[in-house]
Q: 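Structure below; questions to follow.
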Amino acid sequence: MDKAEQRVKIAVQKSGRLTDHSLDLLQRCGIKFSKNKDRLFCYGENMPVDLLLVRDDDIPGLVSDDICDLGIVGLNVIEEKRLGWSRKMEPVRFEQIRTLDFGHCRLVIAMPDEADFSELSDLQGARIATSHVEVLRHFLECEIVDAEIVYFSGAVEIAPKLGKADFICDLVSTGATLAANQLREIHSVLESTATVIRTRARISAFKMEWIDKILQRLDGVLQVRESKYIMLHAPRSALAEITRLLPGSEAPTVMPLEGCDDKVAVHAVCRENVFWETLENLKSAGATSLLVLPVEKMLF
Ligand code: PRP
Ligand code: ZN
């Protein structure tokens with residue numbers, strides 16, 4: 001039953017901002033594969049799951065055309081394809097099924113530091129360089145601004161220096177690229193995060209079982225990343241207040257402490273980050289012996 005078409009195929013960015021995080025996430029889901037970024041194809045050694053390492057721009061097409069079952073790709077790429085295909089009346093045969101916790105960036109309009117700009121209507125009649133033609137066109141239509149879109153497949157940030165455009169519309173994550181090119185952001189067009197998409201094509205029951213398993217593990221990994229296990233000692237009299245202060249925990253486990261009637265031990269899984277302030281508040285409420293531990297795995 002392990003024929004090629006019975007193996008789940010997942011498209012992942014070959015090299016870029018999502019690559020390392022995506023491969024790490026899939027490994028945490030228990031998929032073992034030889035990590036060779038020079039190869040297009042990674043064979044899953046312990047599950048009927050293979051990875052295709054491709055350009056991020058190709059991922060929505062591969063999933064839509066049912067060559068891959070799943071893909072991990074930035075929302076910016078998804079929106080660019082979705083809008084482009086819809087405009088050409090071509091079907092969009094994939095759906096977004098998970099938002100991940102990495103690959104955060106924004107698509108913004110920026111301009112040279114020294115240029116003047118006061119409002120969006122200043123874009124009227126201007127030339128804007130971008131590789132996100134569809135997203136930008138859609139944005140301009142919504143804002144009722146008529147500007148000329150100049151397509152750049154890459155290195156968009158040098159367009160103003162080359163005299164090819166007045167503005168650019170490009171991705172920003174740290175802001176280093178804008179700063180290095182003496183550009184400043186004037187408007188945000190789209191917030192993007194790594195996203196899991198799946199094909200709308202029919203998936204066999206055998207493959208679907210594996211996909212469900214992967215998604216369930218993936219949810220566990222995402223949940224665990226922001227979860228902590230807290231242990232502390234609390235005076236019985238302060239138990240209600242201390243329970244209230246535990247971030248994102250449901251029912252904590254309360255246990256007696258040997259030879260100590262007025263105190264109990266409290267253990268809780270907190271489904272939110274535990275900050276120093278939280279610990280300080282717990283201490284002020286009477287908690288002692290506070291211990292915060294990372295959570296390794298979770299399954300619901
Ligand atoms: C984007 C963008 C900038 C850079 C911005 O390219 O085009 O060059 O990232 O990041 P920063 O704010 O941290 O400097 P990316 O590497 O995503 O390549 P791609 O658009 O070709 O996929
Ligand atoms: Zn790209």
Side-chain angles (χ1 to χ4, degrees), residues 10-26 37-40 42 51-64 68 70-85 94 96 99-115 117 123 126-140 147-197:
I10 308 179
V12 174
Q13 187 181 27
K14 185 176 170 60
S15 70
R17 72 172 77 240
L18 303 184
T19 308
D20 290 343
H21 287 288
S22 304
L23 294 177
D24 176 68
L25 178 63
L26 295 169
K37 274 192 225 161
D38 300 328
R39 270 200 320 206
L40 180 72
C42 290
L51 310 186
L52 261 74
L53 298 179
V54 295
R55 281 184 17 166
D56 61 349
D57 305 344
D58 293 336
I59 294 176
L62 287 167
V63 175
S64 193
C68 291
L70 301 177
I72 301 179
V73 64
L75 185 65
N76 60 303
V77 177
I78 294 175
E79 284 302 281
E80 184 65 18
K81 297 293 171 188
R82 197 180 56 79
L83 289 165
W85 294 343
F94 65 79
Q96 294 165 227
T99 298
L100 302 173
D101 60 354
F102 58 87
H104 302 288
C105 58
R106 290 175 308 123
L107 187 66
V108 307
I109 296 176
M111 67 189 300
D113 276 336
E114 69 280 3
F117 178 87
L123 292 173
R127 296 165 305 161
I128 312 174
T130 192
S131 52
H132 289 77
V133 172
E134 300 293 341
V135 177
L136 177 59
R137 188 200 325 265
H138 182 74
F139 172 79
L140 294 172
E148 183 190 341
I149 300 174
V150 182
Y151 176 70
F152 264 62
S153 60
V156 176
E157 56 274 2
I158 60 167
K161 280 208 191 74
L162 296 176
K164 298 282 184 195
D166 312 298
F167 296 84
I168 67 161
C169 176
D170 199 13
L171 292 179
V172 173
S173 87
T174 60
T177 305
L178 284 192
N181 289 281
Q182 292 90 45
L183 296 163
R184 74 185 152 96
E185 175 184 337
I186 56 169
H187 205 283
S188 183
V189 172
L190 178 80
E191 299 244 352
S192 180
T193 309
T195 302
V196 181
I197 53 175

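Remember, it's 1-based here, ligands and their atoms both numbered in the order they're listed. Just so we're clear, the structure is a prediction, and the values are computed from it rather than from any experiment.
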Q: Would one find an N or O of G175, backbone or side chain, under 3.5 Å from an N or O of ligand 1?
A: yes
Q: Under 4.0 Å from a heavy atom of A176: give me the atoms of ligand 1 that qualify, with their elements.
A: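 Listed by number with element, the hits are 12 (O), 14 (O).
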Q: Give the atoms of ligand 1, by number and element, whose distance to some non-hydrogen atom of D170 is under 4.0 Å.
A: 2 (C), 3 (C), 7 (O)
Q: Do you know which of T130, V135, N76 makes side-chain contact (heavy atoms from CB on, under 4.5 Å) with V189?
A: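 Result for side-chain contact (heavy atoms from CB on, under 4.5 Å) with V189: V135.
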Q: Please list, in number order, the atoms of ligand 1 under 4.0 Å from a heavy atom of D56.
A: 22 (O)
Q: Any side-chain heavy-atom pair from V156 and C169 closer than 4.5 angstrom?
A: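 In short, these two side chains do not touch, never coming nearer than 4.5 Å.
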Q: Is the closest heavy-atom distance from L171 to ligand 1 below 4.0 Å?
A: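 Contact check L171 vs ligand 1: positive.
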Q: Do any N or O atoms from the side chain of S192 and from the backbone of L75 form a donor-acceptor pair under 3.5 angstrom?
A: yes
Q: With a 4.5 Å cut-off on side-chain heavy atoms, are L52 and K14 touching?
A: no
Q: Decide whether an N or O pair under 3.5 Å exists between Q13 and ligand 1.
A: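 Between Q13 and ligand 1, no N or O pair is found under 3.5 Å apart.
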Q: Considering the heavy atoms of V172, write down every atom of ligand 1 situated less than 4.0 Å from one of them.
A: 12 (O)
Q: For the pair F139 and H187, name the ring-plane relationship: parallel under 30°, tilted 30 to 60°, perpendicular over 60°.
A: tilted
Q: What pair of heavy atoms forms the shortest contact from L123 to L140, and how long is it?
A: CD1-CD2, 4.3 Å
Q: Quick check on contacts: which atoms of ligand 1 are under 4.0 angstrom from a heavy atom of T174?
A: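 Counting atoms of ligand 1 from 1, those under 4.0 Å from T174 are 11 (P), 12 (O), 13 (O), 14 (O).
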